[in-house]
Amino acid sequence: MKKRHFFILLTIMMFVASACEKEEQKPYVAPTVNLALDSITTTSKHIIVWEEILVTAHARGENLKYQWRTNHGSMIGKDSITVRYWGCPSCVGLNTIECVVTNSFGSVSDTIMVQVDAR
Amino acid sequence: MQDSGHMKTNVLFFLIILPLLLAHLSPQGQCCSAGNPVGGDGSQDGLKKSELRVFAAYRLSYSRDYYHLNSKEKIQHIDKSYYNYSSLSMTYGVNWRFTIHSEMGYFFNKTQVVKLSAGTETIEASGIGDLSLTLRYSLLPVKLVNESQLIFSFGGRFPIGAFNEQTNGVVIPVSLQPSSGALKINSGLFYSHKKKDARFGWSSFAFFEWSNKIEEDFLTYKYGNFYMLEVSGFYSRQPGFVASLATRLELRQRDARENDTKIESTGGAVVFLKPQVQVSIHKTWAVLGLVDVPVYKYVNGYQLTNLFAFQVGVRKTIGL
């Protein structure tokens, strides 16, 4: 009977790990007057390693929440609308930055590409 | 006859290890963070039937210096990177042949301090890391197990932990996420030898890990293959004290991104020294402490490298 203890503990570990709920994502919707992301602009689309740029989302709507992500590189939220982006040596290449804008009407998103070159 | 048996075992061991060493490697490390822990209590042995070993540990890893190839570079954009990590592992002897090992951990923080034009910023994440499950198989007949162990292991690390952590609406870079985000399959071979009444013994461990490709939205990323070889000598004063000194070689191939494009500043080779002490505080309780100190580093491109890591832990062995 005691052998079961190991498997019970193992199950608990797996349960705890899988119990971390993922944040619910609002459904993506077509742009309307209530919610739209017109464009994403950046101070430069071609940079070298460690060079910093500002990336800004131009969105319309009320009570907007912004979420930024990139496949390579790092970002710091300057404020919700603008982020500071840079790439370290392993981020050399053509990288994608995405912004998802959300309010009670749903979510809209857009991307911008930034080329990071080695020094 | 027994010597002949050991000889055969050693030959078998090196025959399996040699191809690993001769394989074409393009080693690598971590570009911009303190990396992820391999974890565990440093032991890869098999347990007796119905024996359960529970190990709780705390680990600090600290990375600071940038390297280009094998020399230090004056790059100060990343001031430092470190993590504080706790883990719980359980090892259970199903029978004298098979042992199951599982491990899960939690990052209290995984931090990078960067120097930007606007000042110093801290990027930080916390959460559950990967779940590791391993099956160990004892290759030696039971009569030899008291003096020698030859253990083959096969397992995986499962990315069940946090991989989309964000700060102020910005998703944190992959290298700072608590979970690696990728399924990893690994295999190892462990050999240890110590005569019954001898105070000294030695062990070695060869390990290989392959990573699945991460394909999530527009992120395509594949960690390079990881190879590790560790040789350790240990001194034991039964039953209460074991001290060991290990040398470990870690090799990583380059990571890849879209279209299998190799990422230049990833991969490398690091040689570590790992002193470790284990003190029994009761029949079934033991305290372990170890330090990982890199003594040689060679990285592709430019990479942030590890300065040290240390780990303390408590181990309880229970007969079920």
Side-chain angles (χ1 to χ4, degrees), chain A residues 1-7 9-20 22-23 25 49-52 54 57 65-81 83-102 109 111 113 118-119, chain B residues 30-32 50 52 54 66 68 75 77-78 88 90-92 94 100 102-104 112 114 116-118 121 123 127-131 133 158 160-162 164 166-176 216-221 255 257-258 261 263-266 301-304 318-320:
Chain A
M1 287 293 283
K2 285 182 179 177
K3 288 178 189 175
R4 290 183 183 172
H5 294 177
F6 171 77
F7 296 101
L9 281 169
L10 186 63
T11 308
I12 291 169
M13 281 172 74
M14 294 180 77
F15 176 76
V16 169
S18 59
C20 304
K22 291 192 174 177
E23 200 174 312
Q25 183 100 29
V49 166
W50 300 120
E51 186 180 347
E52 298 168 29
L54 297 177
K65 283 177 72 176
Y66 296 80
Q67 188 194 58
W68 295 86
R69 67 168 69 224
T70 179
N71 56 351
H72 297 277
S74 298
M75 292 185 289
I76 291 270
K78 188 170 177 283
D79 53 45
S80 298
I81 300 163
V83 292
R84 186 180 297 275
Y85 172 90
W86 71 95
C88 64
S90 67
C91 307
V92 169
L94 186 60
N95 302 328
T96 306
I97 299 170
E98 181 191 49
C99 181
V100 179
V101 183
T102 304
S109 72
T111 60
M113 309 293 281
R119 275 182 180 273
Chain B
Q30 287 275 338
C31 164
C32 316
S50 301
L52 173 65
V54 182
Y66 258 90
H68 171 56
I75 296 175
H77 295 276
I78 293 181
L88 178 69
M90 292 187 299
T91 313
Y92 176 71
V94 178
I100 300 172
S102 69
E103 182 179 320
M104 219 175 78
Q112 186 182 81
V114 288
L116 301 174
S117 56
E121 295 277 357
I123 307 174
I128 291 173
D130 294 341
L131 170 70
L133 289 174
F158 303 89
I160 57 172
N164 282 300
Q166 50 182 287
T167 304
N168 299 325
V170 176
V171 176
I172 284 165
V174 171
S175 62
L176 287 173
E216 193 175 297
D217 297 332
F218 49 82
L219 171 66
T220 302
Y221 200 89
D255 296 350
R257 50 184 292 172
E258 310 84 44
T261 306
I263 301 173
E264 173 56 26
S265 289
T266 57
Y302 295 84
Q303 294 181 47
L304 187 71
I318 307 159
L320 296 181

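In this text the structure is predicted, and so the values were computed from the model without any measurement. Within every chain, numbering begins at 1; the chains are lettered A, B, ... in the order of the sequence lines, protein sequences first and strands thereafter.
Using bins of under 30°, 30° to 60° and over 60° for the plane-to-plane angle, the ring pair A/H72/B/Y221 lands in the tilted bin.
With a 4.5 angstrom heavy-atom cutoff, A/V83 touches chain B only via side-chain atoms. For a residue to count as touching a neighbouring chain, one of its non-hydrogen atoms must lie under 4.5 Å from one of that chain's; by this rule B/T261 does not touch chain A. Residue contact with chain B, scored on non-hydrogen atoms closer than 4.5 Å, involves the backbone and the side chain of A/T96 alike.
Top candidate by heavy-atom pairs under 4.5 Å with chain A, chosen from B/G301, B/G169, B/P173, is B/G169. Of the listed residues (B/E264, B/E121, B/R257, B/E258), the greatest number of heavy-atom pairs within a distance under 4.5 Å of chain A belongs to B/R257. Of the residues considered (B/T220, B/T167, B/V170, B/I318), B/V170 shows the highest number of contacts with chain A, using heavy-atom pairs under 4.5 Å. Contact count against chain A (heavy-atom pairs under 4.5 Å) is highest for B/L219 among B/V174, B/N168, B/L219.
When all heavy atoms of A/P89 and B/Y66 are compared, the closest pair comes out as CD-OH, 4.2 Å. Smallest separation of non-hydrogen atoms from B/F218 and A/N71: CE1-N, 3.4 Å. Nearest heavy atom pair, residue B/T266 against residue A/S90, reads CG2-CB, 4.1 Å.
A/E52 contributes a side-chain N or O that, together with a main-chain N or O of B/S117, makes up a donor-acceptor pair within less than 3.5 Å.
For the atom pair CD1 of B/I78 and OG of A/S74, the computed distance is 6.5 Å after rounding to the nearest 0.5 Å. For the atom pair CD1 (A/I76) and CD1 (B/I172), the distance works out to 9.0 Å, reported to the nearest 0.5 Å. With values rounded to the nearest 0.5 angstrom, B/I75 atom CD1 is found 8.0 Å from A/R119 atom CZ.
Under the 4.5 Å side-chain criterion, counting only non-hydrogen atoms from C-beta, A/E98 is not in contact with B/V171.
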